[in-house]
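Read through the structure below, which is laid out as structure tokens, and then see the notes.
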Amino acid sequence: MNKIKCFYEKLLEKYGLQGWWPLLDCKGCNPTKTGSIQGYHPGDYSYPKNENQRFEICIGAILTQNTSWPQVEKALINLKKINAINPEKIKNMEISELCHAIKPAGYFNQKAKKLKIFSEFYINLKGKKPTRDELLALWGIGPETADSILLYAYKLPSFVADAYTRRIFSSMGLIKKYETYDNIKKLFEDNLEKDFKLYQEYHALIVEHAKNNKNKKL
DNA sequence: AACCAGGACGTGA
DNA sequence: TCACGTCATGGT
């Protein structure tokens, strides 16, 4: 077994299934994460179950840019209260109202603009799956956000190589300290079977592991 | 009280 | 390409 896969097995044994992406409303979800609403669903890969949840994941991916998840949850709850976890609604609502709702997640001016742009794009998809290049072409969608959307909202095997991944695997000596995003992504995809469930768990486990060791140097 | 959080973009060199 | 600065709130 290669080192990439081997490390996955060790993380899984240590932390268990993570059940990402967290959703506001999923009955029977396992409330295991502290400081979080009951959004995780370990072992259940049937989410998103509808377009509503798919869109929620997409805007959550945008809102969580450089922001902790509990702050994003507050923003999502605000949006839900005004029936705004909906692309048509976000596209048409006042920008000031949108800014106010997502304020807890920070960068509200930029993120409101990003949500507007993405909502229009989402509407034009008409149910079709976006490509990575289409997502990257949008203002406000970078590689990590694009991969998160593909992997969690559309269940496509696109590995999310975030800052934690670079930190952990460079300290393990498996990649260079300043390896590019795309090269790290490729390393994982080359060493793992193309399975969206595996990609989801691995990425979530990396985040969990990094949080657990944030005071250590790894 | 600095520093970070499930980044991305704009600018100047 | 690359090094910085900017964006903003709330935790620790």
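The chains referred to below are lettered A, B, ... by the order of the sequence lines, with proteins before strands, and numbering in each begins at 1.
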**Fill in**
Across every strand shown, the nucleotide meeting Watson-Crick or G-U wobble geometry with C:dT1 (both distances under 3.5 Å) is B:dA13
**Request:** Would you indicate what A:Q110 reaches in the nucleic acid, counting non-hydrogen atoms under 4.0 angstrom: base, sugar-phosphate, or nothing?
**Result:** base
**Request:** Would you check if there is a donor-acceptor pair between the side chains of A:Y199 and A:E193 at a distance under 3.5 Å?
**Result:** no
**Item:** Out of C:dA8, B:dG6, C:dT9, whichever nucleotide has its closest atom nearest the side chain of A:S68
**Value:** B:dG6
**Request:** Before accepting this row, confirm whether a basic side-chain N of the pair A:K91/A:E88 lies closer than 4.0 Å to the acidic partner's carboxylate O.
**Result:** no
**Prompt:** Side chain of A:V207: nearest nucleotide among B:dG7, C:dT9, B:dG6?
**Reply:** B:dG6
**Asked** Think A:K74 has a side-chain N or O under 4.0 angstrom from the OP1 or OP2 of C:dG11?
**Response** yes
**Prompt:** Are a donor atom and an acceptor atom from the side chains of A:Y152 and A:H203 found within less than 3.5 Å of each other?
**Reply:** yes
**Request:** Mind calculating the distance between CD (A:E144) and C1' (B:dC9) to the nearest angstrom?
**Result:** 15 Å
**Message:** Does B:dG10 have OP1 or OP2 under 4.0 Å away from a side-chain N or O of A:W139?
**Reply:** yes
**Message:** Counting only Watson-Crick pairs (N1-N3 plus N6-O4 or O6-N4) and G-U wobbles (N1-O2, O6-N3), all under 3.5 Å, who is the partner of B:dC4?
**Reply:** C:dG10
**Item:** Rounded C1' spacing from B:dA5 to C:dA3 in Å
**Value:** 22 Å
**Asked** Has A:R167 got a side-chain N or O lying under 4.0 Å from the OP1 or OP2 atom of B:dC4?
**Response** no
**Prompt:** Considering heavy-atom distances to DNA chain B, does A:I141 or A:H203 have its closest nucleotide positioned more toward the 5' end?
**Reply:** A:H203
**Message:** Taking the C1' atom in each of B:dG10 and C:dT9, what is the distance between them to the nearest angstrom?
**Reply:** 22 Å
**Request:** Examine the base of C:dG10 for any acceptor or donor lying under 3.5 Å from a partner atom in the side chain of A:Y107, and report the outcome as yes or no.
**Result:** no
**Request:** Measure from the ring centre of A:W69 to the centre of the six-membered ring in the base of B:dG6, then say whether that distance is under 5.5 Å and the planes meet at under 30°.
**Result:** yes
**Message:** To the nearest 0.5 Å, what is the distance between CD on A:E9 and NZ on A:K5?
**Reply:** 5.5 Å
**Request:** Would you tell me whether A:D182 and A:T180 have side-chain atoms, one donor and one acceptor, within less than 3.5 Å of each other?
**Result:** no
**Asked** Taking the same atom, P, in C:dG5 and in B:dC3, what whole-Å distance lies between them?
**Response** 14 Å
**Message:** Less than 4.0 angstrom between a side-chain N/O of A:N109 and OP1 or OP2 of C:dA8, yes or no?
**Reply:** yes
